[in-house]
Every structure is written in structure tokens, then in C-alpha cells.
There are 2 protein chains.
Amino acid sequence: MRSRQTRQLEAIEHALRSAGRPLAIAEVHAAAAAEFPGLGIATVYRAVKTLSDDGKIVSVAYAGQPPRYEWAVAQHHSHFICHTCKRVFDIEAPESVPLPKRKPRGFVFSGDEVIYYGTCAECRAAQK
Amino acid sequence: MRSRQTRQLEAIEHALRSAGRPLAIAEVHAAAAAEFPGLGIATVYRAVKTLSDDGKIVSVAYAGQPPRYEWAVAQHHSHFICHTCKRVFDIEAPESVPLPKRKPRGFVFSGDEVIYYGTCAECRAAQK
DNA sequence: TTGGTATTGAAATGCCATTATCAATAGAAA
DNA sequence: TTTCTATTGATAATGGCATTTCAATACCAA
């Protein structure tokens, strides 16, 4: 039961809230440590766990990458993954995704998700 | 450089080829061991690595789950993930996925992927 | 068949993200 | 302030896969 407001907590929350995209633990640590030097990695893990339990952030994980966390927003959105740097960006979700024409007998669908792949602006600039 | 054809290799290849869906290492081991009792897990890792290097199988990985491997097929397809057992099934890919209306400046898209979620027939039957 | 050696199984080892430990620190109530 | 104790940071411990090691085994060319 968290009962005290600390500077490190504020830095971590701020990092996640202002990122606008899902951050891996290492990314959260880097961003928050810029605001609060000396921040320990264990504190990041603890804070992320608390924020996750409280529903303030949600986790996202893709293909062989460590889980990432992003500030929970009501609005539905999709993700864009850069093949080069592996970072995940938020993009506007498509209006609708077609249901598969055939589904295996007995399967019940509950949702879907679209992932777009490509190269982000930074990586594209870097490889020129 | 693999230069001998062994029974364990055959069992592993057969398991992957006949599965029709991506298998985790543990699943490959279970299926192949049914055909070749005593099969070691290290052999599965070695075989999967070789098959992967040869391009005979491709790997897929989702959210917190270990990577899975499926026999490489030319045909494009999507995956269905069962929320309950976490297994991944192949399903026919949708004809087309809408491109996002707005893309961040400088991003270049190279492809997309749709993941469907739900409950598989087995798990649905089990929870009744 | 036989012999040389690639391959195997079991166990040890490596790797690394996450968690637990614990003394020191710093919120915040009084 | 002072005091109590939640929280922190450093680091050790853990847990999970994955890889390496090595003596025993079994392909397969001759």
C-alpha cells in the first residue's frame, strides 16, 4: 500500500505519461533518471508494478521484446513497430478490421489487434 | 553442418510439419517425444535452430510467451491466440487491412499483421 | 560388418530480466 | 523539529529459458 508521494515516483509517472508510446523498463528508467539522477532500477520495477495494479498503465508486449508499459488511455489505438530500433509507437486505430472468413469450429472471437511494421523517422534518417 | 539423418530429427520435423500451427519448444518436445520416447530437450533446441537457419521453419512470438516455431508456408496467414491456454492457431488472413488514416511524419510502412483473440474450442468445452 | 565421427541425452553452465533483502534515507503527521 | 516508518538503492538471490559440455550412442561410407 503506497502511502507516500516521492520524487522518484513522480519522475516515473511523468516519464510514462508524457511518452505517448509504450516504454520498456529500460526506457522508463532512462527517461525518469534524466529527471531524477540516481534512480534505481528496482524502484522502476516497483513503481511499474503498482501503476499496473492500479490500472494507470497497461502493458504491451511483442515478439521477443521485453514488455512495455503505456499510460492508460480510453481511446483505442494500434501500434507501429520499427524494424530497426524495435521501439513501439502509437497510431490511430483503423476503423474496423475484417473478421476472418473462416474460423475453426468452436472458436469464439473476443477481439483483434493490428500491428503495423516499418521504419520510424529517426531510423530512416540515420540510415541514409 | 548437419550431415546425418536421425530418428529424433525426423520426429521433430514431423511434429512441426503436421502441427499446422506454431509450436513452443515445449510443445515440439512433447509432440516429438510421443513419436520418439526419451528425446532430449537439448536436441529439440538444436534441431529448431538448424531448421530455423535453413528457413524451413519461422518463429513467431507474442506477449510474454516463449517463441513458437511453425513450418514455413508461402501462404500468408494470421494468428488466433486463445486467452485461456495461450496456444496460437493459424487462420486465414483477411483480404486486406486498412492502412491507418494518419501516420507519423517520416514513418515508412512495410507491412501489417492482424492478431485475433478469443477462446479455442477445447478451452470453451473445458470451462463449461 | 566395421570404424570414424556426427549426433544425442543429461546435467552443468550461462544469461539476464525480475524479485527479494536490508540498511540508509526521506516523506509527512504530530 | 522530531519521530515513525514507508520507500529507496545497491546488490544478492531467483527463476526461466537457452546453450555448452562430454561421454555414450548410432549413423553411414567403405
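As the structure is a computational prediction, the values presented were derived from the model and not from experiment. Numbered from 1 within each chain, the chains take letters A, B, ... in sequence-line order.
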Visitor: Check this for me, if you would: do B:Arg87 and B:Glu27 make a salt bridge, where the nitrogen-to-carboxylate-oxygen distance has to be below 4.0 angstrom?
Guide: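 The answer is no: the pair does not qualify as a salt bridge.
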
Visitor: Would you say A:Thr43 reaches D:dG9's phosphate, i.e. side-chain N/O to OP1/OP2 under 4.0 Å?
Guide: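 So the side chain of A:Thr43 is within the cut-off, an N or O lying under 4.0 Å from OP1 or OP2 of D:dG9.
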
Visitor: Which of the following nucleotides, C:dA28, C:dT21, D:dA18, is nearest to the side chain of B:Pro67?
Guide: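 Nearest to the side-chain atoms of B:Pro67, counting from C-beta on, is D:dA18.
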
Visitor: Whole Å only: how far is the OH atom of A:Tyr69 from the C1' atom of C:dT18?
Guide: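 A:Tyr69 atom OH is separated from C:dT18 atom C1' by 9 Å.
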
Visitor: Within this structure, what is the NE2-to-P distance between A:His29 and C:dT19, rounded to whole angstrom?
Guide: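 Atom-to-atom, A:His29 to C:dT19, this comes out as 15 Å.
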
Visitor: For C:dT8, does either OP1 or OP2 sit under 4.0 Å from a side-chain N or O belonging to B:Arg2?
Guide: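 Looking at the OP1 and OP2 atoms of C:dT8, one of them is under 4.0 Å from a side-chain N or O of B:Arg2.
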
Visitor: Which heavy atom of B:His77 sits nearest to which heavy atom of B:Ile91, and what is that distance?
Guide: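 Between these two residues, the closest heavy atoms are CB-O, 3.4 Å.
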
Visitor: With a 3.5 Å cut-off and just heavy-atom distances, do the side chain of A:Arg46 and the base of D:dT8 make a donor-acceptor pair?
Guide: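 Such a pair does not exist between side chain and base.
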
Visitor: Taking OH from A:Tyr45 and P from C:dT18, how many angstroms apart are they, rounded to a whole number?
Guide: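 From A:Tyr45 OH to C:dT18 P: 3 Å.
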
Visitor: Quick one: closest heavy-atom pair of B:Ile41 and B:Ile25, and the distance?
Guide: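 Taking B:Ile41 first and B:Ile25 second, the nearest heavy atoms are CD1-CG2, 3.8 Å.
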
Visitor: Is a donor-acceptor contact shorter than 3.5 angstrom present between the side chain of A:Arg7 and the base of C:dG27?
Guide: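 No.
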
Visitor: For A:Ile41, which contact category applies under a 4.0 Å heavy-atom criterion: base, sugar-phosphate, or nothing?
Guide: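 Nothing: the residue A:Ile41, judged by heavy atoms under 4.0 Å, touches no strand.
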
Visitor: For DNA chain D, whose closest nucleotide is more 5', that of A:Leu9 or that of B:Pro66?
Guide: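 Residue closer to the 5' terminus by nearest nucleotide: A:Leu9.
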
Visitor: Run the ring-centre check on B:Phe107 versus A:Phe89 and record whether the distance is less than 6.0 Å.
Guide: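 Here the rings of A:Phe89 and B:Phe107 have centres that are less than 6.0 Å from each other.
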
Visitor: Within this structure, what is the CZ-to-C1' distance between A:Arg4 and D:dA6, rounded to whole angstrom?
Guide: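 Distance, rounded to whole Å: 4 Å.
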
Visitor: Nearest-Å distance, CD (A:Gln65) to P (C:dC16)?
Guide: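 Taking atom P of C:dC16 as the reference, CD of A:Gln65 is at 15 Å.
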
Visitor: So, OP1 or OP2 of D:dT8: does either fall under 4.0 Å of a side-chain N or O from A:Thr6?
Guide: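 Looking at the OP1 and OP2 atoms of D:dT8, one of them is under 4.0 Å from a side-chain N or O of A:Thr6.
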
Visitor: Could you tell me which non-hydrogen atom of A:Pro66 sits nearest to which non-hydrogen atom of A:Ala24, and how far apart they are?
Guide: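 A:Pro66 and A:Ala24 have their closest heavy atoms at CG-CB, 4.3 Å.
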
Visitor: Please state how far atom NZ in A:Lys49 lies from atom C1' in C:dA17, giving the value in whole angstrom units.
Guide: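 Value for this atom pair: 15 Å.
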
Visitor: What is the distance, rounded to the nearest whole Å, between atom CZ of B:Arg68 and atom P of D:dC17?
Guide: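 Those two atoms, CZ and P, are 11 Å apart.
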
Visitor: Taking only the side-chain nitrogens and oxygens of B:Gln8, find out if one of them lies under 4.0 Å from OP1 or OP2 of C:dG9.
Guide: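 Answer is yes, contact under 4.0 Å.
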
Visitor: Quick one: B:Phe36 CZ to C:dG9 C1', roughly how many Å, whole number?
Guide: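 The distance from CZ of B:Phe36 to C1' of C:dG9 comes to 10 Å, rounded to the nearest Å.
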
